[in-house]
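Just follow the structure's listing: the first ligand is 1, and inside any ligand the first atom is 1. For clarity, every value in this text was computed on a predicted model and none was experimentally measured.
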Amino acid sequence: MRCSHRRAAFLTALIAAVAVAAAAQDEVFAFIPDGGRTLLETARAERLPEGLEGAIASQEGDAETWRGRLEAAQADAPALAALDAWQTDTLAHYLAANAPLAAGELPRDGRDMALQLCQSCHIITVVVTQERTREAWLRTMNSPSHIEIATTPAEREALADYLVINAGIPIDQIPPELRAGGASY
Ligand code: HEC
C-alpha cells in the first residue's frame, strides 16, 4: 500500500518536473519567431473570413499569391492586419508549402522543424543566427552532415523559406545559455 502510494507520489512529482522543464524549454526558445502553423492558429482563434478559409481549404498558390490573399483579407480580419511584414511573409510561405489544408492538425512549420531536427548535433544558435539565401540553406541541408535528417524535399524547402525570413537573429537577442560553446560537432 504504502509503497504504491509512494510510487504514485513519485510519479506525480516526476510528471510535474517534466512539465516544468518542458515549459522552461519553450520559454528559452521564445525568441525564435513563430512559424506559419502558430501564426495561422493564432489568427484562426479570432476567426478568419470565410472566403480566406475557403481558399485555405481548397486552393494552391505560391507565396506571392498567398500574400495577396492574406492582405486582401486584412480588412475583415484584425488578427491578420496585426501581423508585421515578416509574419505575413512567413504565413504566406507556409500556406504556399501546405495548402490546400485538410481540417485537423496543421502540418509542422519551419520553427517546429528547426526545434525538432536541428538541435541534436549543435545548438539551435548555429541555425538561427545565420542570414542566408534559400539556395544556401538548401545547400546546407543537402550537405553530407545534414542529408540524413528525416525531412521530405518539400519540408526542406519550407524550412529554408522560414529561415530566410526569420533567421539571422542578432546574437544579443539570443538567451545567454544558448550563446557560447554551442557547437559540439
Ligand atoms: C546529424 C547531426 C546534425 C544535425 C541533426 C544537424 N546538423 Fe547542422 N551541422 C552538423 C555538423 C557536423 C556541422 C559542421 C560541419 C558542416 O558544416 O557540415 C553542422 C553545421 C551547421 C551549420 C553551419 C555550417 C554550415 O553548413 O553552414 C548550419 C547553418 C547548420 N548546421 C544547420 C542545420 C540545420 C538547419 C539543421 C536542422 C535541419 C541541422 N543543422 C541539424 C550536423 C548536424
Gln119 contact mode with ligand 1 (heavy-atom cut-off under 4.0 Å): neither

Selected option - heavy-atom contact closest to atom 24 (C) of ligand 1, from Met141, Arg132, Gln116: Arg132

Structural part of Glu148 in contact with ligand 1, heavy atom criterion under 4.0 angstrom: neither

Side-chain (Arg67) to main-chain (Asp89) donor-acceptor, under 3.5 angstrom: no

Lys/Arg cation over aromatic Trp137: Arg134, 6.0 Å, 45° cone: no

Side-chain donor/acceptor of Glu155 to backbone N/O of Thr151, under 3.5 Å: no

Arg156 to ligand 1, any heavy atom closer than 4.0 Å: no

Contact summary for Gln59 and Trp66, nearest pair of heavy atoms: O-CZ2, 3.3 Å

Mode of Met113 contact toward ligand 1 - side chain, backbone, both, neither (heavy atoms, under 4.0 Å): neither

When the side chains of residues 162-176 are checked against the rest of the protein, which donor-acceptor pairs come out under 3.5 Å, sequence neighbours left out?
{"unit_1": "Tyr162", "atom_1": "OH", "unit_2": "Pro33", "atom_2": "O", "d": "2.4"}
{"unit_1": "Asn166", "atom_1": "ND2", "unit_2": "Thr90", "atom_2": "OG1", "d": "3.0"}
{"unit_1": "Asn166", "atom_1": "ND2", "unit_2": "Tyr162", "atom_2": "O", "d": "3.1"}

Ligand-side contact atoms (ligand 1) for residue partner Thr140, heavy atom cut-off under 4.0 Å: 26 (O), 27 (O), 28 (C), 30 (C), 32 (C)

Of the listed options Leu115, Thr129, Val126, Thr151, closest to atom 22 (C) of ligand 1 (non-hydrogen atoms): Val126

Gln130, any N or O under 3.5 Å of ligand 1 N or O: no

Those atoms of ligand 1 less than 4.0 Å from some heavy atom in Leu117: 5 (C), 37 (C), 41 (C)

Those atoms of ligand 1 less than 4.0 Å from some heavy atom in Val127: 32 (C), 33 (C), 34 (C), 35 (C)

Check: Ser120 N/O within less than 3.5 Å of ligand 1 N/O: no

Proximity to ligand 1 by part of Leu159, non-hydrogen separation under 4.0 Å: side chain

Whether Cys118 has an N, O or S atom under 2.8 Å from atom 8 (Fe) of ligand 1: no

Polar side-chain atom of Tyr94 near backbone of Thr38 as donor-acceptor pair, under 3.5 Å: no

Heteroatom proximity flag, Trp137 to ligand 1, N/O under 3.5 Å: no

For Leu70 against Leu80, the heavy-atom pair lying closest together: O-CD1, 4.0 Å

From His93 atom NE2 to Leu159 atom CG, the distance as rounded to the nearest 0.5 Å: 13.0 Å

N/O/S atom of Cys121 inside 2.8 Å of atom 8 (Fe) of ligand 1, strictly under: no

Test item: Arg156 side-chain N/O and Ile147 main-chain N/O as donor-acceptor pair under 3.5 Å: yes

Identity of the nearest option to atom 16 (C) of ligand 1, non-hydrogen atoms only, from Ser145, Ala114, Ala150: Ser145

Nearest heavy-atom neighbours spanning Ala96 and Ala63: CB-N, 3.5 Å

